Undergrad: 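Shown below is the structure under consideration.
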2 protein chains.
Amino acid sequence: MLTLSTYITTMMFVAKKHGYHHGDLRRAFLEEAVRVISRKGVDALTLRSVGERLGVSRTAMYRHFADKSALLAAVAAEGFRMLRLQLLDAWERHGRSGDAFAEMGRAYVRFAVANPAHYRVMFGGRVEAHGDPDLAREGAGAFQVLVDAIIALQKNGTARAENPLRFAQVIWATVHGVAMLAIDGLLERQQTDADTLVRFANEQIRISMSV
Amino acid sequence: MLTLSTYITTMMFVAKKHGYHHGDLRRAFLEEAVRVISRKGVDALTLRSVGERLGVSRTAMYRHFADKSALLAAVAAEGFRMLRLQLLDAWERHGRSGDAFAEMGRAYVRFAVANPAHYRVMFGGRVEAHGDPDLAREGAGAFQVLVDAIIALQKNGTARAENPLRFAQVIWATVHGVAMLAIDGLLERQQTDADTLVRFANEQIRISMSV
DNA sequence: ACCTGAACACCGTTCAAGT
DNA sequence: ACCTGAACACCGTTCAAGT
C-alpha cells in the first residue's frame, strides 16, 4: 500500500511536469536568464533574482541544471542550435549558390545582432565547450553547415580547390569579428552599420575564394 | 604650525610613493590581476585574494582604482597599448610593405596567444570602452595603426582604392576571429595552429585587397 | 596621502526537510 | 520527483579610524 501510494503521488507529480508552477521550469529559467543577460549583461545574472522573478525558491534551479555555468552552457547550446538553423535556412532558401553563401554571412551577423545575449555567452569565454558535451555538439553542428556549404561550392566550381576546413575557419573568423564589432557598438562610433560591413566582407570573401 | 606639519607629513608620504609597501601598488595590482586571470580566468579574479597575495588589506585597491571594473579597464588599456606597439614594430621593422602588412597580422595573433588574459579582458565584453576614456583612446590608437598602414599601401599602389576604414574593419575582424579561435583552443581540436591559419588569412586578405 | 578592520548587502551552493 | 528555507563560505564596496 505504501509503495502504491508513493507511486501514485510520484505519477501525479510527473504528470504535472508540463503544468508545474510555471509549466516547464527549465525553459522558464533559460528564458529569464536570456532576458536578464540581454538587458543588464552576463555579470548581472544572479540565480536568486531569477528564482524570485519566477516565483520559485532560489535553489529550484538545481533540479534542472547542475550549477550556474551549466545554465549558461545551456543558453550557449541553444544559441548554436538557433544559429545553425538560421544559417541552414539562408543557405537552402537562396539555392545553395554563391549568393546563398553570402546570405549565410548576412544571416550570421543578423543572428548576433538580434540575439546579443546568446551570442555573448556563446563566445564570451565564460563557458567552455570542453565541459558540456551538448554544447560541443551544437557548436560543431553550426560550424559544419559552413564547411558543407564550402564543399558544395567547390563541387560546382564556384570556389577554388583548397582545404575547406581552412576556408571555413578564416570565413568564420571574419563574420564573427564583424558580429563582435556590431554588438559591441564599435561600428556606431564609426558610422558604419553591420549589414553594410558584412556585405563588404562577403565581397572580399567571394574574391579570395574564387581566385 | 599645524598646516606646516601636515604639509611635511604629506610630502613624506608622497616621496615614499615609489617605495611604498610594494613600490608601485597600482602596478602590483595590475600585474597580479593579469596573473590570476591568465591562470584561472576572469571570473576567478577576486580583489580580496589579490590583496592578500600582495600583503595589503582588501580595500587598498580603492586608492588606485575606482572599483573592480576600473581595474579591468586598466588591464584592457594596457593590453591595447602593448598591442599597438607590437603592431607598429612589425609594420616598421619589415619596411611598411605588403609583407610588412602580413607580419602585422601575425604579430596580432601572436600577441593574443602570448597574452590571453589581456586579450580576453580587451574583448570579452566585461569592460566597455564607452566608460573609460583612457581605454577608448588606447583602443582607437591600436586600430589607427592598421588604418594608417592600409593608407600607406594604397599610396604606393599595393592596395586598391577603397574606403580604408572599411578595409581595416574587415581585416581586423578576420585576425580577431583567428585570435579568438586560437586562444579558445578551438584550433587544437581541429589540428590547426594559429600561425598557419593567420598566414592563410593573410593570403586571402592580400588577394582581396589587391584585386 | 595612504592604508586598515569592521560592517553591510549581496552572491552560489549544500543539505536536511517537506509534499 | 520536485521544491523549500536555513545555513555556509564567499564576494565587492563603504566608512570611520589610524599613521
Side-chain angles (χ1 to χ4, degrees), chain A residues 2-29 32-33 36-37 40-75 126-127, chain B residues 2-29 32-33 36-37 40-75 126-127:
Chain A
L2 184 73
T3 308
L4 182 60
S5 89
T6 304
Y7 175 79
I8 291 172
T9 315
T10 300
M11 282 303 102
M12 283 171 63
F13 279 111
V14 169
K16 270 172 90 179
K17 192 180 180 185
H18 286 278
Y20 207 94
H21 236 162
H22 296 82
D24 188 345
L25 189 56
R26 186 190 141 89
R27 175 116 293 269
F29 259 101
E32 180 61 17
V36 173
I37 295 168
K40 314 201 321 192
V42 172
D43 290 335
L45 179 72
T46 70
L47 304 186
R48 290 160 118 95
S49 67
V50 170
E52 193 180 5
R53 191 92 176 29
L54 298 176
V56 297
S57 128
R58 49 186 177 249
T59 60
M61 184 208 74
Y62 291 89
R63 288 296 119 201
H64 303 280
F65 302 96
D67 53 22
K68 190 180 183 179
S69 95
L71 171 63
L72 290 176
V75 170
R126 269 115 184 162
V127 294
Chain B
L2 183 74
T3 307
L4 181 62
S5 88
T6 303
Y7 174 79
I8 290 172
T9 315
T10 300
M11 283 303 101
M12 282 171 63
F13 279 110
V14 169
K16 271 172 88 178
K17 191 180 178 183
H18 286 277
Y20 207 94
H21 235 165
H22 296 84
D24 188 344
L25 189 55
R26 185 190 141 90
R27 175 116 294 271
F29 259 101
E32 180 61 18
V36 173
I37 294 167
K40 314 199 321 193
V42 171
D43 290 335
L45 179 71
T46 70
L47 305 185
R48 290 161 118 95
S49 67
V50 171
E52 193 181 4
R53 192 91 174 31
L54 297 177
V56 298
S57 127
R58 50 186 175 251
T59 59
M61 186 208 72
Y62 291 90
R63 287 297 119 199
H64 303 281
F65 303 95
D67 53 23
K68 190 180 183 180
S69 95
L71 171 63
L72 289 176
V75 170
R126 268 115 183 161
V127 294

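Sequence lines set the chain letters: A, B, ... in the order given, protein chains first and strands last, and positions in each chain run from 1. Since the model is a prediction, treat every value here as computed from it, not as a measurement.
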Undergrad: How does DNA chain D read in dot-bracket, base by base from 5' to 3', with Watson-Crick or G-U pairs under 3.5 Å and | used when the partner is on another strand?
TA: ||.|||||...|||||.||

Undergrad: What is the distance from CZ of Arg26(B) to C1' of dA1(C), rounded to the nearest Å?
TA: 16 Å

Undergrad: Find the distance Leu54(B):CG to dC2(C):C1' and express it as a whole number of Å.
TA: 15 Å

Undergrad: Tell me every residue that passes salt bridge (Lys or Arg N to Asp or Glu O under 4.0 Å) with Asp67(B), counting only those two or more places apart in sequence or in another chain.
TA: none

Undergrad: Using the test side chain to side chain contact (heavy atoms under 4.5 Å, CB included), find all partners of Val127(A) that sit at least two apart in sequence or belong to another chain.
TA: Leu72(A), Ala73(A), Ala76(A), Val121(A), Leu135(A)

Undergrad: For the pair made of CG in Leu71(A) and C1' in dC11(C), what is the distance, rounded to whole Å?
TA: 15 Å

Undergrad: What distance separates Glu52(A) CD from Ser57(A) OG, expressed to the nearest 0.5 Å?
TA: 11.5 Å

Undergrad: Do the side chains of Glu32(B) and Leu45(B) get nearer than 4.5 Å, heavy atoms only?
TA: no

Undergrad: Show me the protein contacts with nucleotides 12-16 of chain D, counting only N or O atoms at under 3.5 Å.
TA:
from: dG12(D); atom 1: OP1; to: Leu47(B); atom 2: N; distance (Å): 3.1
from: dG12(D); atom 1: OP1; to: Lys68(B); atom 2: NZ; distance (Å): 3.2
from: dG12(D); atom 1: OP2; to: Leu47(B); atom 2: N; distance (Å): 3.2
from: dG12(D); atom 1: N7; to: Arg48(B); atom 2: NH1; distance (Å): 2.2
from: dG12(D); atom 1: O6; to: Arg48(B); atom 2: NH1; distance (Å): 3.1
from: dT13(D); atom 1: OP2; to: Tyr62(B); atom 2: OH; distance (Å): 2.8
from: dT13(D); atom 1: OP2; to: Lys68(B); atom 2: N; distance (Å): 3.0
from: dT13(D); atom 1: O5'; to: Tyr62(B); atom 2: OH; distance (Å): 3.1

Undergrad: Find the distance between CG (Asp43(A)) and CZ (Arg126(A)) and round it off to the nearest 0.5 Å.
TA: 5.0 Å

Undergrad: Compare all side-chain heavy atoms of Met61(B) with those of Val50(B) and state whether any distance is below 4.5 angstrom.
TA: no

Undergrad: Applying side chain to side chain contact (heavy atoms under 4.5 Å, CB included), name anything that partners Arg27(A), two or more places apart in sequence or on another chain.
TA: Asp24(A), Leu30(A), Glu31(A), Glu78(A)

Undergrad: With respect to the phosphate group of dC2(D), does any side-chain polar atom (N or O) of His64(A) fall under 4.0 Å of OP1 or OP2?
TA: no

Undergrad: Given atom CZ of Phe29(B) and atom P of dC2(C), what is their separation to the nearest angstrom?
TA: 14 Å

Undergrad: If the condition is side chain to side chain contact (heavy atoms under 4.5 Å, CB included), which residues does Arg63(B) pass it with, not counting sequence neighbours?
TA: none

